[in-house]
Each structure stands twice: as C-alpha cells, then as structure tokens.
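The structure under discussion appears below in the form of structure tokens.
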Protein chains: 2
Amino acid sequence: MTTIKDVALRAGVAPSTVSYVLSGSRKISEETRQAVQTAIDELGYHPRASARSLRSTRTNVIALALPRVPGGYHRSVDGRFAIEICDAARRHDYDVLLMTDQHGVPGLRRIAGSGLADAAILMAVELEDPRVEAMREIGFPTALLGSPSGEVGLPWTDLDWEAAAALAVHEAAVAGHRRIAYLATTEHEILARRGYAVLGVAGARRAGDETGAQVTIHDSTSDMVRLDGRLRSLLTAPDAPTALVVQHVSALPHILAACTAAGRRIPEDLWVFAVGNLPDDMGGRELPRIELPISELADEVTRLAVQAIADHATQHTAREPAGHRRLSPVLLPPRAVS
Amino acid sequence: MTTIKDVALRAGVAPSTVSYVLSGSRKISEETRQAVQTAIDELGYHPRASARSLRSTRTNVIALALPRVPGGYHRSVDGRFAIEICDAARRHDYDVLLMTDQHGVPGLRRIAGSGLADAAILMAVELEDPRVEAMREIGFPTALLGSPSGEVGLPWTDLDWEAAAALAVHEAAVAGHRRIAYLATTEHEILARRGYAVLGVAGARRAGDETGAQVTIHDSTSDMVRLDGRLRSLLTAPDAPTALVVQHVSALPHILAACTAAGRRIPEDLWVFAVGNLPDDMGGRELPRIELPISELADEVTRLAVQAIADHATQHTAREPAGHRRLSPVLLPPRAVS
DNA sequence: TCGATTCGACGAAGCGATTCGACGAATCGA
DNA sequence: TCGATTCGTCGAATCGCTTCGTCGAATCGA
C-alpha cells in the first residue's frame, strides 16, 4: 500500500510538497513537480480516499436515491438516469453512491450523518414528497429530479411536462386536427400525484383552450384489457378523434395494436403523437414525439448537486447570511421529434 | 458535527469505551452500555465513515460496475440488478458505489487504489472479458455476474443458461411436440460471445439430441423487419414447428404479433415458451417460461463479494498460503413457470 | 553591499475513529 | 488475610492526508 510518504521519499521531497503538487493549491517549481509526478506514476500512487476526506471533510461522492417501485415493477428509464448521472458526476470528479428508497429517509439520514457523501440526488420526486422536507431539515445539499409542488427550498430540474403536453396538442392542431384525444398516464399515477402525470393533464387542458380544438382527456390504466375497452369505445364513438396524443408511452405497442384492430391506419386514419420515450420494442416503427431529455436532465441535476455543495461550503465562510442564491427550478423545454 | 468525543463526554466515559460499545469487540457492563447508547441516541450520532475506514482499512462499500451498452441502448434488467444488489449489500451492512463501464479497467483500478471500496461486483461479464484478468491481477476482491469461460480464479454466479435452454426444449417435448424451433438471442450477442447467448444455443442443441425431437435453431436479430421475415418463412415452411422456444424475450410482443399474423393461435396452434423474463408490456398475457432469478442472483453475487473480502482479509493473517478456497461457480438451476 | 521582499519547500498539528497495553477495583482460592 | 485472576475502563498511539505557519535562499531596490 503506497502512501504519500513513499512518494515523497522517492521524489526526495516532503509529503506536504506532494500534496501541493496533487492539489495545485500552492506554487511548486516545475522541476520538483516533475520529480513528484514521476514518482507518482512509477509507484502507481492513488491518494487514500478515507484519509483525504477525513482531513478535508469532502468525500467527492454524491448519493443517488433510486426509486424502488413497490411490487417489483421497474421503470427502465430509471436505470438510464442512474447511468447518465454516474457519468455526469465523474465529469465533475464525483463518484456516485447508490441507495434505494427501501431505506427511505433514515437511509438518507445515515448517509448524511456518517459523511459518506457530500450531496444527494433524489430521483422520481413527486408533487408531495416527504423526502424533500426531510432533506431540507437535515440541511444536506440536495438536488431533485422531478417536479415538487410549491416552493421547496431545494434546487430541482425536470422536463416541463405541462409545456410538453401542451406542445403535443398544439402539434396535433397544427397538423389540422380538430378532434384530439389525449391519453394521459395511468389513473394510479395521477392519483399518486406524480408531477408528470398531473402536469401533463393540465398542459393538455390548457392547449385545448388555446387551440379551440375539441380535446378530450382520458386516463389510461395498466390493465390492458380495460385499456383496450376504453380505446375501442373511444374509436367507435360517432365523433371519434382523428388524432391521439399518448402520454402512457410504455403501453404504446398495445395501443397501436388496438387502433389497428379498430381499423385505423396510422397515421393516415389516426395521427398518433407520443409524449415521452418510445419503448424498446416498437419494432423499428417511429412516431412523432417529445423525448425525455435523459442525459440533459442528468447533467442538470448533477450540476445542481455540485452547486449545492459549493453553496453549502461558502455559507459557512461567508460573512452575511447569504444562502439566498436563487433557487429557480430548471425546467427543460420540450422539443418535438418526428 | 458530533464526534465520538461528544458522545463520550455526555455519557461520562472515554472515547474508546464508546467505540467498544459500537463494535461490541470488548466486554462492556450493561450499565455503561446503556449510558452510551442513550448519549448516541440523544445526539443522533453517526460514526464518521472516513475516520473509521482510515483506521480500519475497511470501507464497507462495494463497487458495482454497471455495463454501459454502446449506442445508448439499455437493458432494463440491469437496473433491476443494480437495485437488488444494493439492497442485498445493505443486508450485509455494505453500501454500493456505482460505476459505469465508461471508465473501464482504469476506473476499477482507481477505485481499488484509492480504497473507495472493499470489493467489486462486475455485471454482464462475457465469456472473454478483459476486466476479469485485470481484477485478478490487481488482486482486488471481486465477484462476477455472468459466465466467464474457463477457470478464471474469481468467484462468479449466473443462471445456468445451458440448462435453462435445455429445460425449455425438454418442456416442449414433454408437451408432445416433435418439431421445435429455438429462437436464440440476436446474432450480435452470439458473435460478441455473451455467455447466455452461446450457452443457450448449446443447451438447445443438447436437448435436441436428448429428446430426439427435430429441434431447429435460429438466430434472432434486433432488426424487426428481418425478424418478421425469418418468422414468416419459418411458419410457412412445409414442416413448420408446432412449438417455439424464444430466448430473445425482449422481442416477444413482436414475435407473438408475427405469429398471429401468420394465422397461428397461441398456444393452440403454436406452443410458445420463453427463456427469460417477459417484457413489461405483454399486456397481461402470460407465457410458460423460465424466469431470470434476479434477486437470487443479486443475493448470490453479493454474498460472493462479501466472502471475497473476508478471504482477502484472512489471507494476510493466516500462516499457510491458504487462499485455495474452492472457487466453484455458483450456477443457479433454471425453474420453469407456467 | 545590505536590508526587504518574494519564492518554494518543509515540519507539525490535527481530522475522528480503532485498538492495544495498562491499570485500578472487585473477586477468588488457599 | 493476601497474592493472583478477572473484569471493565482508560489513555495513547496510529491510520494517511491537508494546511498553516515558518524559514532558508534567491531576488530586488537603493
């Protein structure tokens, strides 16, 4: 196990000099810098993370709270987010500590208390999310992925779902449709007050008013038999819609099949637009849509977390209370893809 | 920031006594144990992880190397594994540090060198995987998820894919079928020598010999148009199979649709069996299948990692070279579900 | 040429835990 | 009653690094 002393010995300098070479926080002559660097490379030296963070009270680790959906059901998008956040964090020289919601607030408290991480990122934040208030109370730097309701005092980012749904409906109107059906997310998600679910419906409603088109809003369901039923009655009604905007994207293969079964060719007879990412097995079929900007969101939430760490650090140094950096949410604008 | 000194002060004991209460490594009178515990609870004390691991050279962290599939494509099962491993690790009192393959072997070397983790778990290990030899050379405790080829000197676990494919074919034979088609994973995966892909084909072939049935093996493809073509020619051939065993499960919705389009009712006209987990959007439809035992595998690979840490620790204490604990792979047996 | 300034490197203190040896007090056997 | 154990607790050293104050040597201005 090579230590900073070994490096210093081999380079013929003091340990502190090695440290300064590593951190760059003091001026070092090019000559000794070279000597130290050579010793480091030859020994394959890596500073011990525990010693470093014991002394500096920074771990360069961000904790990521992954949602653990009850019932073993799992949204594949969460894994993508985790990966992208991990890479984004590395770009800021941070590592990522994974934790599932299994352990909830006590788990977060444990991480914060034991100094395992410098900040937390909470994924899949809901409108009313108990974790948010908990983190603010703990006073641990935290960034949120998802839309909380109201002024929460923590930085957050999300796709602007209200604008996304509205944009989707507007696209339908622009394409010339006057009878538009908006198939929202599942009832379950709407009842659970997930931000994307509630905001999506609101956006669709607003766009309905704005366009003057006849926009009907329908909750979806994860029960495919009932979903089929709803689609059938929707499509066989006398004033059936000519455009369908689908926010419940994971059911798209099923929905398209049902529409086809009802005698609609897509997009000739029924124009379909997706609000969200297409599932993996669309079989090469494309749809006009608004994609979830996963890597942008990951970048942004990581940036917010790193920012929160910096703010937290300066808050203790600064004279005035400060801390009133603007915490305006970072809502990413939707972009349509076709 | 409360430290062990604060706790000691409040409980009226020495810091070392507090430490012994926490670790239980020395006898403490019930009376003082109580006093210390009370002080801990009242102060909400958490030992500082960095100080602890600086002294003890154990971090209680396991690094998890998540595969980052090129092209942004993403297997949702990986996220499930990450979650399950995270929970399993917590049960052993370990946290999980996430790293993507983005940073590959150098990334692993960094984690090992800087003492950020006590062990690594490598996910999605392939038959010939450069990471395996690297980890053995580094001498870092490591457990593998996936089947490497040959004797690798590192503990690993996986579903017994060869047995799984064979079992699937046997099930078809038992159900009375004499013409069985085995739709393997994609050509791409087979060429990349992924364990599950190669072993699956081998198992199907073996079962073909054993049952005496006519088993034809077909590579799949992620190009759904070409896949449709292959299925059509398969089903319209004069001696079309009456049973279809599918290992390329993510394409199942598409495959079923193609079979239906070819005039087959399932399972009356065509008996279909899946080797692997059904995708999310099967629309409530069930199939007989062999499920990937995700949580069992997660438990097992975590156990192996914890074991590897223990072995590594005793190796330095033990007199004789030892270290020759049996590293027999833990192959989980397939189980059919219907 | 000499005191003042700058530059670059050094030494030592300390972060917060663990752990080993030591040490009174209580208990024991003869 | 007295030396030998046992029991429960304490004190001090230590892990590897960062950081602040210090201190020669080199540079500079007059």
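Here is the naming used below: chain letters follow the sequence lines, and residue numbers restart at 1 for every chain. These numbers were taken from a predicted model, which means no experiment stands behind them.
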Please state how far atom [atom1] in [X] lies from atom [atom2] in [N], giving the value in whole angstrom units.
{"X": "B:Asp6", "N": "C:dG16", "atom1": "CG", "atom2": "P", "result": "9 Å"}
{"X": "A:Lys5", "N": "C:dG11", "atom1": "NZ", "atom2": "P", "result": "12 Å"}
{"X": "B:Asn60", "N": "C:dA17", "atom1": "CG", "atom2": "P", "result": "15 Å"}
{"X": "B:Ile40", "N": "C:dG16", "atom1": "CD1", "atom2": "P", "result": "16 Å"}
{"X": "B:Leu54", "N": "C:dA17", "atom1": "CG", "atom2": "C1'", "result": "8 Å"}
{"X": "B:Met1", "N": "C:dG16", "atom1": "CE", "atom2": "P", "result": "9 Å"}

Counting distance only, does the side-chain N/O of A:Thr314 pair as donor-acceptor with the main-chain N or O of A:Ala310 below 3.5 Å?
->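 Yes.
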Side-chain heavy-atom pair B:Leu64, B:Leu97 within 4.5 angstrom cut-off =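 A side-chain contact is absent here, since even the closest heavy-atom pair is not under 4.5 Å.
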Less than 4.5 Å apart, any side-chain heavy atom of B:Leu145 and any of B:Thr157?
->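 A side-chain contact exists here, since the closest heavy-atom pair is under 4.5 Å.
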Mind checking A:Val18 for me? I need base, sugar-phosphate or nothing, with any heavy atom below 4.0 Å counting as a touch.
->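 Nothing, no heavy atom under 4.0 Å.
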When we call it a touch if two heavy atoms are under 4.0 Å apart, what does A:Thr32 touch: a base, just sugar-phosphate, or nothing?
->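 Sugar-phosphate contact only - A:Thr32 comes under 4.0 Å of backbone atoms but never of a base.
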With sequence neighbours excluded, residues passing side chain to side chain contact (heavy atoms under 4.5 Å, CB included) with B:Ile138 |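 Here the qualifying residues are B:Arg109, B:Ala112, B:Met135, B:Phe140.
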For A:Ser56, check side chain to side chain contact (heavy atoms under 4.5 Å, CB included) against everything at least two apart and list the hits.
->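 Counting only residues at least two positions away or on another chain, A:Ser56 forms a side chain to side chain contact (heavy atoms under 4.5 Å, CB included) with A:Arg52, A:Arg58.
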Fill in the dot-bracket string of DNA chain D, one character per base: . for unpaired, | for a pair to another strand, ( ) or [ ] for pairs within the strand, taking Watson-Crick or G-U pairs under 3.5 Å.
-> ||||||||||||||||||||||||||||||
5'-most by nearest nucleotide on DNA chain D - A:Tyr20 or A:Thr3 |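 Closer to the 5' end of DNA chain D: A:Thr3.
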Any pair with a residue in residues 19-31 of chain A that passes salt bridge (charged side-chain N to carboxylate O under 4.0 Å, His left out), sequence neighbours left out, goes on the list, sorted by first then second residue, please.
->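 For residues 19-31 of chain A, and leaving out neighbouring residues, the salt bridge (charged side-chain N to carboxylate O under 4.0 Å, His left out) pairs sorted by first residue read A:Glu30-A:Arg33.
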Can I get a per-line list of side-chain donor-acceptor pairs under 3.5 Å for residues 114-126 of chain A, giving both atom names and the distance, sequence neighbours left out?
from, atom 1, to, atom 2, distance (Å)
A:Ser114, OG, A:Arg110, O, 2.8
A:Asp118, OD1, A:Thr59, N, 2.9
A:Asp118, OD1, A:Thr59, OG1, 2.9
A:Asp118, OD2, A:Thr59, N, 3.1
A:Asp118, OD2, A:Thr59, OG1, 3.4
A:Asp118, OD2, A:Asn60, N, 2.7
A:Glu126, OE2, A:Arg194, NE, 2.9

Heavy-atom pair of closest approach, residues A:Ala298 and A:Glu84 |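 Scanning both residues completely, I find the closest heavy atoms to be CB-CB, 3.5 Å.
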Where the side chain of A:Ser16 is defined as all heavy atoms beyond and including C-beta, which of C:dA9, C:dA12, C:dG16 is the nearest nucleotide?
->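 Nearest to the side chain of A:Ser16 among the choices is C:dA12.
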Looking only at side-chain atoms of A:Arg55, point me to the closest of C:dG11, C:dA13, C:dC20.
->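 The answer is C:dA13.
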N/O donor-acceptor pair, side chain A:Arg52 with base C:dG16, under 3.5 angstrom |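 When only heavy-atom distances are counted, A:Arg52 does not reach the base of C:dG16 through any donor-acceptor pair under 3.5 Å.
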Which is the 5'-most and which the 3'-most nucleotide of DNA chain D that has an atom under 4.0 Å from a heavy atom of chain B?
->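 Using the under 4.0 Å cut-off, the span is D:dG8 to D:dG16.
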Quick one: do the A:Thr32 and A:Ser29 side chains pair a donor with an acceptor below 3.5 Å?
->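 Yes, side-chain donor-acceptor contact under 3.5 Å.
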